Structure formats: structure tokens, C-alpha cells
Amino acid sequence: MTVSSRSSRVALVTGANQGLGRALVEGLAARMSQDDLVLLTGRNPERVADAAREAGALPGTRARVEGRVLDVTDTGAIARLAQELQDRCGGVDVVISNAVARVLPEESQAERADEYIDVSNVATHAVLRSFGPLLRPGGRLLVVASSLGTLGRLPDRLHHLFDGASLEQVEQAVEAWRGAIHDKTAQEEGWPLWLNVPSKVAQVAAVRALAAERRERDLATGTLIAAVCPGMIDTATSRPWFSDYSQAQSPAQAAQAVLDLVFAEEVDPALHGELVRFGQVLPWHGGTPPVEQDRLLTP
């Protein structure tokens, strides 16, 4: 992130009252300046207030930390917050879309699909649409995804829905997937039962779509739009899904590579619009459908 000509910078993190989001807020607040503002957002007012107060009181904190209630399933609320920051601050410098809905293996994938899609995908689209135009030169707009977001994680017959798609086409594909779940035809159409896979692929596809539209301008100004894979993190959301946690990171450890991307003085053009893990691009067409989780899933 380059230093803006303005006297202060503004950063915002969604899903930030715990886990990786909380660690990202703390890292931003420690590495930004006293005149800068970090907005910690989440759905629960009490948790947001507590998290913002605690982050602001940490010994290494330099920037101001403000808590803000934001239910990302309310796309209107996302748009209103963006407009408020435009009016109040003239734009934003860092936006990290991190909100995720927790689904446990014993819970029905179909029954939880609407909430999961609304939090992980519809909200991501709204963040990209609302905050993309506000991003100042040299800024960062990052969507937290995972290594499950590469196209190869889906069956070949679904690739055309996301490969080279516009943001509008990604949105249509997501709603087609949702409709297939409701109609009980999703598996027949080739959609994986595990919600995490189509959701993450769609997140990365949405980032790629927006980045493609603005690539020339972004590269000229040192601006970065990308999806990020923070690696395996030992949290209550992810622990039920994996058998080997020997390489899992704490949220604070996982935040470091993302923060390094935020504060990099120069943008590697190869990273723009891509899924980035520990500073390296995960090839869009790579990956294979995951199998370990199939035995855990509840339809």
C-alpha cells in the first residue's frame, strides 16, 4: 500500500470480531499511523464493541480502531457504509472482505445453503461493487478465500460458468447453484455437496472479473485487487473439516502474509486479480476436487 497524499488512511475489515478478521484488524492498527483509521466490523453489536476496544488498547496499536456493526447479508448496509466513508473520508485505502458463515459437518448443507451463499458470495459481490469505486490509488481490495477457490476444484462441466466470466455472470452462476440446491438437482447438475467448494470458486471468479475490468488503471497506480488464501488456520470454523492440523496456524500467524501483501511498497502485476497464498499465485485452472470431506458431509 502506498502512502496516500491525504493526511490519513482508512482500512475496513468485515467479519472482524474474532479469528483471522480480528488478527487482521490488530495487524493493520499496529502497522498504520496514528492519523489512520481501522474499522472493525461484524454483526453482533456487543462483540464488535468489545473487540474494537480491546484491539485499540493493545500495546502495539498505533491507528485508531472503531467498531462498526455491519451485517454483510444486508447488501444495502454495505452500500450505505461505502457511501458514508466516501462522504466522511473521501474513499478507502484497504478493504478486506473476510466474513464467513460457519457450517459444521453434522449440519445439513442444503438447509444452511442460503445463509452460507449470502455471507460468502452475495456479500462479496456487494463489497466489490460498493468499495471498488472508492479504492484510492495504491489501495488494496482483498477477498479472503482459500485454496478451494481454484477452478479445478469443480467438475469440468461447471468450468464454463466461471472461467472468464463477468461479475454479472458470476452472480448468475451463484444464483443458479442456489436454485439447484432448492430444487434438489444440484448433485445431478454436478455441483459438489460441500458448499465451501462452489462458494470459494465463485469468490475467486468474482475477484478475477472485477480485476480484469480495472487492470490497466490499477497497475498504473499501484493498486491491488486480489483473492487471498491465508493457509490452514486453527479455528472453530475449520477444525471440524480436516484430520491433520499439524501445519495449522494461529489467526495472528495467518494474518501476516495478508498484511505483507497490504503493506508491500510495490505491486507485482502477476498477483493482480489472482488467488494469492503466501505471496505466490495459485493457478486458476489448478487443483482437483477435494475428497477427504465427503465422508463428513450431511446432505
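The first residue in the sequence is number 1, and the count goes up from there. Computed from a predicted structure; not experimentally measured.
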Seminar exercise, completed: Interatomic distance, CD1@Ile96 vs CG@Leu24, rounded to 0.5 Å, equals 4.5 Å

For this session: Search all heavy atoms of Gly190 against all heavy atoms of Pro155 and return the closest pair with its distance.
Result: O-CG, 3.1 Å

For this session: Could you please spell out the steps behind the side chain to side chain contact (heavy atoms under 4.5 Å, CB included) verdict for Leu161 and Trp177?
Result: CA-CA 10 Å; Leu161 296 173; Trp177 168 43; over 6 Å; no

Exercise. Do NZ/NE/NH1/NH2 and the carboxylate oxygens of Arg178 and Asp118 come within less than 4.0 Å?
Worked result: yes

Exercise. How about Val143 and Leu128: do any of their side-chain heavy atoms sit closer than 4.5 Å?
Worked result: yes

Exercise. Can you tell me if CD on Glu106 sees more than 12 non-hydrogen neighbours from other groups inside 6.0 Å?
Worked result: yes

For this session: Say whether, by atom type as modelled, one donor and one acceptor occur between the side chain of Ser250 and the main chain of Gln253 under 3.5 angstrom.
Result: yes

Problem set entry | N-O pairing of Arg80 and Glu84 below 4.0 Å | no

Problem set entry | Shortest non-hydrogen separation from Phe278 to Gly231 and the atoms involved | CZ-CA, 4.1 Å

For this session: Evaluate the side-chain proximity of Val13 to Leu40: yes if any heavy-atom separation is below 4.5 Å, no if none is.
Result: no

Exercise. Below 4.5 Å, heavy atoms only, C-beta onward: do Asp114 and His182 meet side chain to side chain?
Worked result: yes

Problem set entry | Polar side-chain atom of Arg140 near backbone of Ala264 as donor-acceptor pair, under 3.5 Å | yes

Seminar exercise, completed: Value for CG (Leu195) from NZ (Lys200), rounded to nearest 0.5 Å, stands at 10.0 Å

Problem set entry | Verify same cluster id: Leu297, Ile181 (apolar side-chain graph, 4.5 Å) | yes

Exercise. How long is the span from the CG atom in Leu28 to the CZ atom in Phe263, to the nearest 0.5 Å?
Worked result: 5.0 Å

Exercise. More than 12 non-hydrogen atoms from neighbouring residues, nucleotides or ligands closer than 6.0 Å to CD on Glu107, yes or no?
Worked result: yes

Problem set entry | Pairwise distance OG(Ser147) to CZ(Arg153) - rounded to 0.5 angstrom | 5.0 Å

Exercise. Taking all non-hydrogen atoms of both residues, which atom of Val174 and which atom of Ala202 are closest, and how far apart?
Worked result: CG2-CB, 3.6 Å

Exercise. Is Thr150 reaching over with its side chain to a backbone N or O of His285, donor-acceptor style, under 3.5 angstrom?
Worked result: no

For this session: Say whether Leu261 and Leu12 are linked into one hydrophobic cluster, either directly or through other cluster members, by side-chain heavy-atom distances under 4.5 angstrom.
Result: no

Problem set entry | Working for side chain to side chain contact (heavy atoms under 4.5 Å, CB included), residues Leu148 and Val201 | CA-CA 7 Å; Leu148 295 174; Val201 172; over 6 Å; no

Exercise. In this structure, are over 12 heavy atoms from other groups packed under 6.0 Å from Arg43 atom CZ?
Worked result: no

For this session: Give a yes or no on whether the backbone of Leu282 and the side-chain of Arg277 come within a donor-acceptor separation of less than 3.5 Å.
Result: no

Problem set entry | Connected via hydrophobic side-chain network under 4.5 Å: Leu158 and Val204 | yes

For this session: Considering non-hydrogen atoms only, spot the tightest contact between Pro230 and Ala254 and give its length.
Result: O-CB, 3.9 Å

Exercise. Are Val207 and Ile225 close enough that some pair of their side-chain heavy atoms sits under 4.5 Å apart?
Worked result: yes

Seminar exercise, completed: d(Leu58 CG, Glu26 CD) to nearest 0.5 Å is 5.0 Å

Exercise. What's the verdict on salt bridge (Lys or Arg N to Asp or Glu O under 4.0 Å) for Asp50 and Arg47, showing C-alpha distance, side-chain angles and the deciding distance?
Worked result: CA-CA 5 Å; Asp50 289 346; Arg47 291 180 180 176; over 6 Å; no

Problem set entry | Closest non-hydrogen atom pair, Gly15 against Asn98 | O-ND2, 2.9 Å

Exercise. Just by distance, do the side chain of Arg112 and the backbone of Arg102 share a donor-acceptor pair under 3.5 Å?
Worked result: yes

Exercise. Hey, is the main chain of Glu188 close enough, under 3.5 Å, to the side chain of Thr185 for a donor-acceptor pair?
Worked result: no

Exercise. Is the shortest heavy-atom distance from the side chain of Leu193 to the side chain of Pro299 under 4.5 Å?
Worked result: yes

Exercise. Salt-bridged, Asp218 to Arg215, with N to O below 4.0 Å?
Worked result: no

For this session: Run the salt-bridge test on Asp163 and Arg208 with the 4.0 Å N-O cut-off and return the result as yes or no.
Result: no

For this session: Verify the neighbour count for atom CD of Gln34: are there more than 12 heavy atoms of other residues, nucleotides or ligands below 6.0 Å?
Result: no

Exercise. Short question: side chain of Thr61, backbone of Ala29 - any donor-acceptor pair under 3.5 Å?
Worked result: no

Exercise. Heavy atoms, side chains only, cut-off 4.5 Å: are Gln293 and Val197 in contact?
Worked result: no

Exercise. Is it true that a side-chain atom of His125 and a backbone atom of Leu167 form a donor plus acceptor pair closer than 3.5 Å?
Worked result: no

For this session: Answer yes when Arg64 and Glu66 have at least one side-chain N-carboxylate O distance shorter than 4.0 Å, and no when they do not.
Result: yes

For this session: Working to the nearest 0.5 Å, report the span between CG of Leu141 and OG1 of Thr223.
Result: 10.0 Å

Exercise. Does Leu37 reach the side chain of Arg88, with side-chain heavy atoms less than 4.5 Å apart?
Worked result: yes

Exercise. If you group Ile, Leu, Val, Met, Phe, Trp and Tyr by side-chain heavy-atom gaps below 4.5 Å, do Val262 and Leu135 land in one group?
Worked result: no

For this session: Would you kindly confirm whether Val92 and Leu210 end up in one hydrophobic cluster when ILVMFWY residues are joined by side chain heavy atoms under 4.5 Å apart?
Result: yes

Exercise. Under 3.5 Å, is there a donor-acceptor pair between the side chain of Asp35 and the main chain of Ser8?
Worked result: no

Problem set entry | Results of ring-ring contact (aromatic ring centres under 6.0 Å, His included) for Trp284 - residues two or more places apart only | none

Exercise. Looking only at side chains, do Asp260 and Gln256 share a donor and an acceptor under 3.5 Å apart?
Worked result: no

Exercise. Does the side chain of Leu85 reach to within under 4.5 Å of the side chain of Leu39, using non-hydrogen atoms?
Worked result: yes

Exercise. Gln203 side chain to Ser120 main-chain N or O, any donor-acceptor pair under 3.5 Å?
Worked result: yes

Problem set entry | Nearest heavy atoms of Gly27 and Leu259, plus distance in Å | CA-CD1, 3.6 Å

Problem set entry | Greater than 12 external heavy atoms within 6.0 Å of Glu175's CD | yes

